[in-house]
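What follows is a short report on a single structure.
A note on names: the letters A, B, ... follow the listed sequences, proteins ahead of strands, and every chain is numbered from 1.
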Amino acid sequence: MDTSRSPMEPSGFSKKIAAFIIIVYTVVTLIPITWIVLTGFKSVDSAVSYPPEVIFEPSLEGYVNLFTARTRQSEEYLDSLPPPETWYEELVRSKDMVITGPSKFFSRYLNSMIIGFGATFLSIFLGTLAAYAFSRFKVPLKDDLMFFILSTRMFPPIAVAVPIFIMYRKLGLGDTHIGMIILYTVVNLSLAVWLLKGFMDEIPKEYEEAAMIDGYTRFQAFFKIVLPQATTGIAATAIFCMIFSWNEYAFAVLLTQFNAQTAPPFIPTIIGEGGIDWPAIAAGTTLFLLPVMIFTVVLRKHLLRGITFGAVRK
Amino acid sequence: MATIKIENLQKSFADFTAVKNSNLTIHNKEFFVLLGPSGCGKTTTLRMIAGLELPTSGKIYLDQDEVSLLRASERDIAFVFQLFALYPHMNVKNNLAFPLKMQKYSRTEIKERVMEAAKLLRIDNILDAKISSLAGGDRQRVALGRALVRRPKAFLMDEPLGTLDSEFRELMCLELRKLHDDIDATTVYVTHDQQEAMSMADRIAVMNEGEILQADAPSVIYNKPKSKFVASFIGSPAMNFIPFNQAVQKNQTEINIEGVKIKIPNQHENSAGQENFLGIRPENLKLVSNGGISGKVFGIEYLGSRKIVTIDTSFGKIKVRIDSNVNLDIEENVQFTPSNNNQIIFDGKTDKSLISDFLS
Ligand SMILES: Nc1ncnc2c1ncn2[C@@H]1O[C@H](COP(=O)(O)OP(=O)(O)O)[C@@H](O)[C@H]1O
Ligand SMILES: [Mg+2]
């Protein structure tokens, strides 16, 4: 018998089974994502060919189509034009088209960035202060207030879509960045307050008290002592808030059309000539996945520790 | 350094009173220990002196100034917490410098003071270490260092040795006391460990259930406790309490226990009731061949040159300290009697000790 491992540790065999299950699961979940990334590099024709092409000649047509607006032109007209100056003009010309300007994708992407990061920042800012107050001070009706905050998440947010739609129209918040930031913050805030309160409770109040005895005000103690120790919790909470705000679709469809439209409602509307432009959609989706992935990878170190809710003491 | 005075200090949490009507004066340069069982209000008292908790009523003075309602940051007091509360995201050096950074010292001055404190506590070799990598004793020293860099008016310490193992605790007791003397500090030290208190304090205040029962020098607390609680809390092995059913009168010099006459110091007051106790420490009892209170040997503990004999009597177990070379067997019949006239009578009704020639 192998006595080198502790009896609490899984055996080599069960470790192998676990690894196998994880690998299978990873492959299954990665297939659609891989397919999307690959489709982004196909030409319009090979994207819809049947049977599906796994090996194909890569093309940047999807990305070019994603970022440009184009019109089809007659051959005589194309011949009359000076030769294309850039590789992407050349690519478009080869399809008998010319570029008429940039597409709306970039501005929609930027909207997503502004609204996603804006809502995340605001949720964390308000959530941290509220969580700290709930954690440290005698707040009248504390438990009821905490329950009330949680209760705002007991129905799907979209259930209140119609009242919010009317409210936003009256207030002039429809199709504005600030309107969407407020909306996503409201939805995120209950989760943020609850998560962050858990983390704040874990930080002994003696740390701030030590700082206050050493001459710092409570506010300074909060910034210099509490916040640095809450980074794990803040990072974990920020990821949850960011993922929600970044991916939200239903409210974005309902409340934004032009000015503040985010990427999720925009991407499916990318229509090519005589059909859906799958490579462009796939390219848009790929680019759309990147920020959350980068954000998560950057904060990953905190995330793992964070979602175990401080169960593992630092 | 400073004098700390508290007057009629009281603290209630909702309908629970944690500290009741406390009065104390802690002198300049004194090492003052607040001693009592867990939950008796020691920490609460200390936190009120520090300004981390505001009193429900009563006053606190630092030297001449009333500070009862001042913020902690305005009192110029240092506090060493039970769990040290060292900032885990800073290294040792920055932990030590943190209190100084608030006070607009120049960089060089901060550096000098940190080095000075670090040398004093012998932690100058770990200034760049992370807090999480430190052993208990080093954490203890860093916590002390953080308290003393600022040269505050007074040091408040809440069971600072509680988390250290016993061997190390004794060493730190000595170091702490030496440090106190070296820097002419005024220290208020909280502990539930009577041995720690006895070994360090200039004066001890014994607390129970939110009340300060007695504040005196260790020898006075030990020899002349003013109440049965203080007598029972101090000393190891503890004082013996022999119950007897007899009212004590003024000028009485003898009581009767199990038909045996026992001499007591001349009493100055009457007891409130019939049920009273004779308090006598194990070292003030001796074994006699006849004329003493009888019992059976129950157990024997060897302590080197002495041993403690536990004797089973009709009124409970009694401990007697005797020379190691006296031979005794378990179950042996013995008799014991006071070896001097330092006994104290505790009033069974009030729990207080009665005033006498010995205890005034
Ligand atoms: N913030 C508080 N709220 C309610 N009760 C408290 C609070 N702080 C202390 N207490 C109570 O006051 C009593 C004294 O506590 P404490 O001063 O910490 O005792 P000690 O330090 O002597 O062990 C305890 O019974 C404790 O439960
Ligand atoms: Mg305590």
Heavy-atom proximity to chain A below 4.5 Å, by part of [X]:
{"X": "B:F81", "value": "side chain"}
{"X": "B:L156", "value": "neither"}
{"X": "B:Q82", "value": "neither"}

Self-check item: Heavy-atom pair count under 4.5 Å with chain A, highest-scoring of B:A50, B:P88, B:G51
Solution: B:P88
Self-check item: Interface residue of largest heavy-atom contact number with chain A, from B:M90, B:R75, B:M102, under 4.5 Å
Solution: B:M102
Report yes or no: is the cationic atom of [X] (NZ for Lys, CZ for Arg) under 6.0 Å from the centre of the six-membered ring of [Y], at an angle within 45° of the ring normal?
{"X": "B:R113", "Y": "B:Y105", "answer": "yes"}
{"X": "A:K197", "Y": "A:F134", "answer": "no"}
{"X": "B:R47", "Y": "B:F79", "answer": "no"}

Self-check item: B:K119 NZ: over 12 foreign heavy atoms closer than 6.0 Å
Solution: no
Quiz item: For chain B, which of A:T217, A:I225, A:T231 has the most heavy-atom pairs under 4.5 Å?
Solution: A:I225
Practice problem: Using non-hydrogen atoms and a 4.5 Å limit, figure out which bit of A:K205 sits close to chain B: side chain, backbone, both or neither. | Solution: side chain
Self-check item: A:Q220 portion near chain B, given a 4.5 angstrom heavy-atom threshold
Solution: side chain
Quiz item: What do the steps show when you test B:R177 against B:D202 for salt bridge (charged side-chain N to carboxylate O under 4.0 Å, His left out), and what is the final call?
Solution: CA-CA 10 Å; B:R177 179 64 221 217; B:D202 290 322; 3.1 Å; yes
Quiz item: Is B:D165 paired with B:R169 through a side-chain N to carboxylate O contact shorter than 4.0 Å?
Solution: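 Not counted as a salt bridge, because no side-chain N and carboxylate O are separated by less than 4.0 Å.
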